[in-house]
Amino acid sequence: MARIVMKFGGTSMAGIERIRAVAARVKREAEAGNEVAVVVSAMAGETDRLVQLCREAAALYDQREYDVVVASGEQVTSGLLAITLQGMGLNAKSYMGWQLPIRASGHASGLIEGIDVEVLERVFEGGGIAVIPGFQGVTAEGAVATLGRGGSDTSAVALAAAMKADRCDIYTDVDGVYTTDPRIVPRARKIDTITYEEMLELASVGAKVLQTRSVGLAMRTGMPLTVLSSFEDLPGTRIVGDDQIEESDMERNVITGIAHDKNEAMITLTGLPDSPGTVAAIFAPLAEEGVNVDMIVQSVPRPGEPSVLTFTVPTASLAHTVEALKKGRETIGFGEILTDTDVVKVSAVGVGMRSNAGVAATMFKTLADRGINILAITTSEIKVSVLIPEDYTELAVRVLHSAYGLDAEPQA
Ligand code: ADP
Ligand code: ASP
Ligand code: MG
């Protein structure tokens, strides 16, 4: 007998027929003698629809009320799954975030502070199945909080850690983690096992198959995580610690995967004074506003001459960032402020990069050969990212995937 968390994403929950298929999977695990908690997402497209309604109600909507609205999608699917499971003769009940409770702080991208498991323990003792809405928690004030887009993955891992589950299975609309988004590159290959560290990097640079925070949490708690298909019985991808990857596997490819992120906006400041404190004067107010700056490039033509600084922020933070910079114009002393949202960040990730030179050079040459202009670059120990014009997204992902030897063999 094992204790498991099964999480089902939006496509898997989209409609009663699919919910029945989900229920059949849950039934199978429960009847095998396992203690099962199920975490569900809203039906595909529902959260987008709810977000849009908030925007229509008021451009600058209140985040507390946004949470009240968007958390409702998961309430519907958890109730529907519990009803379906009951219809199959199973002892299942839904428990909202406030009923466990899942304690969270902050609105719209709230953080899980802790999860009380007494209610769940009683459910398991009574041989029951708990169905829990993902993406939501409750604040100290008793208000509903949501955990940021894609947050049901984090709910699932946090719940698994709190209830000391043996594993957390993430069921989605693809049958595992691929070397890149299989919807963009049909020749992407399924990865059997990937380290937490690599998955964390891939997720943080745009592989939205798992919310980044869920991977960080699984890594910190050592929770075995598997990404599987809701629709087919296939093995899936296991996300594990470094120590569980065979030496031979690690040597397999220098690059594990390619990801892209269109959610980046580029800002360029011209005519900056070439003096100590300029960069600090730019970024300090942005930090105060809570803006996450990602890539940064500064160029100083000659010492003493005005310089140019380019950096990126999430598209949603662009308006705030420009406003904060304009306010600080006197202190910073820049000439022009230019913005561009038609950009994409493309990244290559792999632990093999630590021991192999030339990964960045391959990226630059591959893109240059296709006439793709690089606007900014960042690197870390296991990642190289470039910012390029958005129109080239698919081409860049595809050619880099081939250049790093990741393409699957064509089917005979
Ligand atoms: P869910 O609703 O189940 O949480 P998501 O849409 O959040 O599903 O995540 C699954 C999607 O992630 C896939 O449909 C796929 O298009 C996308 N994706 C992006 N990068 C990858 C990757 N490297 N491997 C697999 N899927 C990926
Ligand atoms: N329904 C939420 C979203 O679409 C949370 C999730 O599905 O993970 O972002
Ligand atoms: Mg998701």
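Everything quoted here is computed from the prediction, not taken from an experiment. For ligands, and for the atoms within them, numbers begin at 1 and follow the listed sequence.
Between Asp175 and Lys190, at least one side-chain nitrogen of the basic residue sits less than 4.0 Å from a carboxylate oxygen of the acidic one, meeting the salt-bridge criterion. A salt bridge does not link Asp169 with Arg238: every distance from a Lys NZ or Arg NE/NH1/NH2 to an Asp or Glu carboxylate oxygen is 4.0 Å or more. At a threshold of 4.0 Å, the pair Asp407-Arg398 does not count as salt-bridged, since none of the basic side-chain nitrogens sits closer than that to a carboxylate oxygen.
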Please tabulate, line by line, the atom pairs linking an N/O of ligand 2 to a protein N/O at a distance below 3.5 Å, with the distance in Å to 0.1, or answer 'none'.
unit_1, atom_1, unit_2, atom_2, d
ligand 2, 1 (N), Thr47, OG1, 2.8
ligand 2, 1 (N), Glu74, OE2, 2.7
ligand 2, 4 (O), Thr47, OG1, 3.4
ligand 2, 4 (O), Arg149, NH2, 2.9
ligand 2, 7 (O), Ser41, OG, 3.0
ligand 2, 8 (O), Gly150, O, 3.4
ligand 2, 8 (O), Gly151, N, 3.3
ligand 2, 8 (O), Ser152, N, 3.0
ligand 2, 8 (O), Ser152, OG, 3.2
ligand 2, 9 (O), Arg149, NE, 2.6
ligand 2, 9 (O), Arg149, NH2, 3.4
ligand 2, 9 (O), Gly150, N, 2.8

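The environment of Phe283 atom CZ is dense: over 12 non-hydrogen atoms of other residues, nucleotides or ligands sit within 6.0 angstrom. Residue-environment remark: CD (Glu390) exceeds the threshold of 12 foreign heavy atoms within 6.0 Å.
Once rounded to the nearest 0.5 Å, the distance linking CZ of Arg187 with CD of Glu409 reads 7.5 Å. The distance from atom OG1 of Thr84 to atom CD1 of Ile19, rounded to the nearest 0.5 Å, is 6.0 Å.
Each of Lys208, Arg18, Arg183 was checked for a salt bridge (Lys or Arg N to Asp or Glu O under 4.0 Å) with Asp173, and the lone residue meeting it is Arg183.
Side-chain contact, Glu74 with Thr77: no donor N or O sits under 3.5 Å from an acceptor N or O.
The immediate protein surroundings of ligand 1, defined as residues with any heavy atom under 4.0 Å of it, consist of Lys7, Gly9, Gly10, Thr172, Asp173, Val174, Gly176, Val177, Tyr178, Thr180, Asp181, Pro182, Arg183, Ala207, Lys208, Val209.
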